[in-house]
There are 2 protein chains.
Amino acid sequence: MDMTRTKLKEAALRLFGQKGYDGTALSEIAKEVGVKTPAIYAFFESKEDLFMSVFEESMSVYNEYIQAMAETSKGMSTEKKLHALLVRQYDFHRNKRELAVFAFRYLLFPPDFLLDRMQEAFGRFDTMLSDIIREIMQEGLERGELAVVPIENLVDSYLTLMDGLSIQYYYYQSPELFERKLKHAFEMFWRSVSA
Amino acid sequence: MDMTRTKLKEAALRLFGQKGYDGTALSEIAKEVGVKTPAIYAFFESKEDLFMSVFEESMSVYNEYIQAMAETSKGMSTEKKLHALLVRQYDFHRNKRELAVFAFRYLLFPPDFLLDRMQEAFGRFDTMLSDIIREIMQEGLERGELAVVPIENLVDSYLTLMDGLSIQYYYYQSPELFERKLKHAFEMFWRSVSA
DNA sequence: ATCTACTTAATTAACGTTAATTAAAACAGG
DNA sequence: CCTGTTTTAATTAACGTTAATTAAGTAGAT
């Protein structure tokens, strides 16, 4: 039950992510689901409402994914942890590509009606992620696995690494190419921070 | 002379960059210039033509900017060169913000009719930039200013650094914050590659 | 018989575009 | 240096399409 509602959201996620909010007509979404346009209004108040519904859900998934990062890395060496986070990010882009594309697009280019909410959401994610990384670095320093360098340097450069990889992942869709980039970038990063 | 044409392109650059192709109505562009919508057709065949005109010009400026990178760095130490390139990228985003936003948006999310041309343009830039970086790294290795590490590692990790910074530059518009990020990220990067 | 999940049909608004027109500037010949 | 002609830059009005939205109706499950 509620099959159609779910399918509408899936199609919307894909199309909004691929062609943008203004570039996607409700008729296309309906067509993908095999239903006429007005049927959408049985489930959503408006186009904006459908979009927001997709948006909220994708932010919530994205949120869980970041939370899970903190868990993943329990009980490993600092190097393994830092590497595991990048691999997780990679898996996210691989396995939830549509969601990743959607999130990436609207994190960078939100439509006007989303701007405030988006900035707030982005700020939250950024803080969460920074905190997770900072904690890992803190522990790494205490354990003597990291070079003695101001912790903010460690955090900032790691976050920059993640951002850089996420752009490249978006572009170079070939797994081989990306895996090479990931390997190279991490090896060099680790050279810079290891004790 | 041709004042209006120029102003139309400026307004289009800003609005297309800010709100996207489908999200920008010709009427908005006209309004910014203080002219009625059909006046646009005195200079451009269609909305797509106006967009392409803006696009071609911005790609050409972007091209010059990358070319100039190769020059900028002549006769410096490898460290200075690599740092200078990042600062140049930063200046570009600062001084040509509208152009940078436009280019960033359509490099990542081109409208359908641009996809092929965009991919080709992107490929060219990517190759140009890689070549420039590779050359710098090559020379750095020969001069013994760089750690003995496979050159592709050096290139890939530097490109990842640039990408990461360009995302952050897009977000964190505060210069102080960004300059800090740049400083931290470069310091760490240099630790990893210096001899 | 009513509720749910739709459909068909209609409405409204916006947008890209074209046509007709005008005012002014640029230009050519006597 | 004027005068008639053409070009350029713009306007107003209108067209055709498409998109979002709403209203009214229908077929099947409960």
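All chains are named by letter (A, B, ...) in the order of the sequence lines, taking the proteins before the strands, and each is independently numbered beginning at 1.
- A sub-4.0 Å separation between OP1 or OP2 of C:dT17 and a side-chain N or O of B:Lys47 is absent.
- Atom NZ of B:Lys19 and atom P of C:dA14 are 14 Å apart (whole Å).
- The shortest distance between the side-chain N/O atoms of B:Ser27 and the OP1/OP2 oxygens of C:dG16 is not below 4.0 Å.
- Between A:Glu176 and A:Arg180, no side-chain nitrogen of the basic residue sits less than 4.0 Å from a carboxylate oxygen of the acidic one, so the salt-bridge criterion is not met.
- A tilted orientation is assigned to the rings of A:Phe102 and A:Phe55, their planes being inclined by 30° to 60°.
- If you take CZ of A:Phe51 and C1' of D:dA20, they are 16 Å apart, rounded to a whole angstrom.
- When rounded to the nearest whole Å, the span between OH of B:Tyr41 and C1' of D:dT8 equals 19 Å.
- Summarising the geometry, the separation between CG on B:Asp22 and C1' on D:dA20 is reported as 15 Å, rounded to the nearest angstrom.
- Within the nucleic acid shown, A:Ala25 comes within 4.0 Å of sugar-phosphate atoms alone, with no base atom in reach, counting heavy atoms only.
- Distance, B:Ile40 CD1 to C:dG16 P: 8 Å, rounded to whole Å.
- Using a 30° and 60° split on the angle between ring planes, B:Tyr170 and B:Phe104 fall in the tilted class, from 30° to 60°.
- For A:Ser46, taking side-chain heavy atoms from C-beta onward, the closest of the listed nucleotides C:dT18, D:dT21, C:dC6 is D:dT21.
- Panel note: side chain B:Glu139, backbone B:Ile136; no donor-acceptor pair is recorded below 3.5 Å.
- The nearest whole Å value for the distance from the NZ atom in A:Lys31 to the C1' atom in D:dA19 is 14 Å.
- For A:Thr4, whose side chain is taken as the heavy atoms from C-beta onward, the closest listed nucleotide among D:dA20, C:dC6, C:dG16 is C:dC6.
- Taking the ring axis of A:Tyr21 as reference, the NZ or CZ atom of A:Lys47 stays within 45° of it and closer than 6.0 Å to the ring centre.
- Computed from coordinates, the B:Leu8 CG to D:dA10 C1' distance equals 12 Å when rounded to whole Å.
- Picking from C:dA19, C:dA9, D:dA20 the nucleotide with the shortest atom distance to the side chain of B:Pro38 gives C:dA19.
- Distances shown here put every side-chain N or O of B:Thr37 at or beyond 4.0 Å from the OP1 or OP2 atom of C:dG16.
- Remark: P of D:dA19 and CG of A:Leu15 are 13 Å apart, rounded to the nearest angstrom.
- You'll find that the side chain of B:Lys36 is closest to D:dT11, out of D:dA23, C:dG16, D:dT11.
- Within the 4.0 angstrom heavy-atom criterion, only backbone atoms of the sugar-phosphate kind lie near B:Phe43; the bases stay farther away.
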